[in-house]
Amino acid sequence: MAKLETIKSSRDFQNAKNGLFFRSTSFLLQAIQNDNRGTTRVGYTVSKQNGNAVNRNRIKRRLRSVSNLTFEKHGKKNWNYVIIGKKNTLIVDFQSLIKELTSAIKKIHK
RNA sequence: CCAGAUAAUUGGAUGAUUGCUUUUAAUUAAGAGGAAAGUCCGGGCUCCGCAAGGAUAUGGUGCCGGGUAACACCCGGCGAGGGAAACCUUAGGGAAAGUGCCGCAGAAAAUAGACCGCCCUAAUUGAAAUCAUAAGGGUAAGGGUGAAAAGGUGAGGUAAGAGCUCACCGCAUUUUUGGUAACAAUAAAUGGCAAGGUAAACCCCACCAGGAGCAAGAUCGAAUAGGGUUACUAUAGUUUAUUCUUGACUGUAACCGGGUUGAUCGCAAGAUUUGAACGGCAACGUUCAAACUAGAUGAAUAAUCAUCAUUUUUUAAAAAAAUACAGAACCCGGCUUAUAAAUUAUCUGGCACU
RNA sequence: GCGGGUGUAGCUUAGUGGUAAAGCUCCAGCCUUCCAAGCUGAUUACGAGGGUUCGAUUCCCUUCACCCGCU
């Protein structure tokens, strides 16, 4: 399994706001095209309203493990994705999270 | 068996796959707590021109003895209060050094006092006694108020009364005995018995405390003159609460030479952990042996699956759901608060049986 | 990580050991043809839990929530 590249610079996060947008029950997904590289890159943002640092990190870790399974099959190359976590991300099952992400990726590229 | 009290422990287990942080030659090794939390106290460490000493202010502590690096912590005891008991709670010095406050009620709330009362004296009115009136004196037994009003009960005594006298109980002082001490004593003597409460009101007394904090601070590289060294003068200012004494710095001249940000160190071998022996009622201490056990910084310690364990629900099996509080950030010692469920030991009371 | 402050009626503020005050709002009535203004009346509160005290919003301790500063 290839390792996903993660977004770290704040400029890429700002650009993703102008791109496509999709709202799901347990997370929000943003996507924008990026010319240079031949890979898909994913970033995670969890705001302070979702609890203390431990809960926020747990949300991030769950999203990371989900996206490792899904993006290799369904994600497009040369695209940047940003997933915004919510409180439901802690509660929902792991399998249903995967289904949600795959459907979200398909719907966002219509 | 039921209801309690105290002390202590655990805080799901094992394996596989895929990842993260530090580390290593190497998938080599290691990787969250009893509270990591609150930041309420105490220390280590670092800096404050690493300043020295005195006085004052400010803040804290406050029965006695011990423990500790230190403490507002802990242990043991004493007094007071609560409980049927096991046991629990306790900021518990000083009110004749001084000041303040004590609403309403009540005669009176502090230099104690005399409203309703009780009693006596002589006088006036009525008159058999008795009662009533105003005047002088004695008294504090009774009344009602309140959180609180110059000991309680009984007997004697008296005009009425009163520790006025006596007995018992309580209290104070001195001595004695026991205890390191706080303190205790159905030990002795003396005193008729006392100027209420409040100090988590000001205050007095004794003891303790210099300030800031790892974003402290140190080094390296880059970067747009704020810094450093030496010599000289003056006594104005500064020196992290104020003030005094001493010391130091700010001024002028000459010389040297590069701040915000980033990286590295500080930063994991220590009041360390585990075990044994000895001392101590205990907190804890001493000695010996073994071990090295998280170190991030857009912030790691995880995700998924399987088996088992515990609890709940529905039950014939079996299935389903749940498994607390909560997440290190320089490090330790405490306190406080949060916490599903389970376990162990000792003690108290009740019921039943022998 | 460290330091400091504030919680009183629906809102904005007083108060301070003896049982809580004012303005605006809301409700009811009067006035008016009706509304507004005005007048009268009424409702509602000391963040939570302990302690000291005869008595606590006030004093002390613990705790909860919020705000500010250092960087």
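In this text the structure is predicted, and so the values were computed from the model without any measurement. In the text below, chain A, chain B and the rest are named by the order of the sequence lines, each starting its count at 1.
Across all strands shown, U190(B) forms a Watson-Crick or G-U wobble pair, both distances under 3.5 Å, with A172(B). Applying the Watson-Crick and G-U wobble criteria (two distances, each under 3.5 Å), U9(B) pairs with A342(B). G49(B): no Watson-Crick or G-U partner with both key distances under 3.5 Å is found in any strand. Across all strands shown, C265(B) pairs with G217(B); the Watson-Crick or G-U wobble distances both stay below 3.5 Å. Pairing for U165(B) goes to A155(B), judged as Watson-Crick or G-U wobble with the two contacts each under 3.5 Å. Checking A56(C) for Watson-Crick or G-U wobble geometry (two distances, each under 3.5 Å) identifies no partner in any strand. Within the shown strands, nothing qualifies as a pairing partner of A296(B) under the Watson-Crick or G-U definition with both distances less than 3.5 Å. The pairing partner recorded for G76(B) is C64(B), the criterion being a Watson-Crick or G-U wobble arrangement whose two distances lie under 3.5 angstrom.
A45(C) and U62(C) are spaced 24 Å apart, taking the C1' atom of each and rounding to whole Å. Nucleotides A248(B) and G4(C) are separated by 34 Å at their C1' atoms, to the nearest Å. Of the C1' atoms belonging to C46(C) and A110(B), the separation is 35 Å, rounded to the nearest Å. Comparing the same atom, P, in G62(B) and in G94(B) gives a spacing of 14 Å after rounding to whole Å. Using atom P as the reference point in both C74(B) and C284(B), the two lie 12 Å apart (nearest Å). The P atoms of A263(B) and U297(B) are separated by 10 Å, rounded to the nearest whole Å. A gap of 26 Å separates the P atoms of A352(B) and C87(B), to the nearest Å. Of the C1' atoms belonging to A86(B) and A5(B), the separation is 6 Å, rounded to the nearest Å.
More than 90° away from 0 lies the glycosidic angle of U180(B), which makes this nucleotide anti. G49(C) takes the anti form, because its glycosidic angle lies more than 90° either side of 0.
Between Arg64(A) atom CZ and G298(B) atom P the separation is 14 Å, expressed in whole Å. The distance between atom CG of Leu63(A) and atom P of U304(B), rounded to the nearest whole Å, is 12 Å. The distance between atom CZ of Arg62(A) and atom P of A303(B), rounded to the nearest whole Å, is 8 Å.
Between Arg23(A) atom CZ and Leu29(A) atom CG the span is 12.5 Å, to the nearest 0.5 Å. Leu101(A) contributes atom CG, which lies 11.5 Å from atom NZ of Lys106(A) (distance to the nearest 0.5 angstrom).
OP1 and OP2 of C20(B) both lie 4.0 Å or more from every side-chain N or O belonging to Lys60(A).
Listed candidates were A299(B), U301(B), A303(B). Nearest to the side chain of Arg61(A) is U301(B).
Glu100(A) pairs by the side chain to side chain donor-acceptor pair (under 3.5 Å) definition with Ser24(A), Thr25(A), Ser26(A), not counting sequence neighbours.
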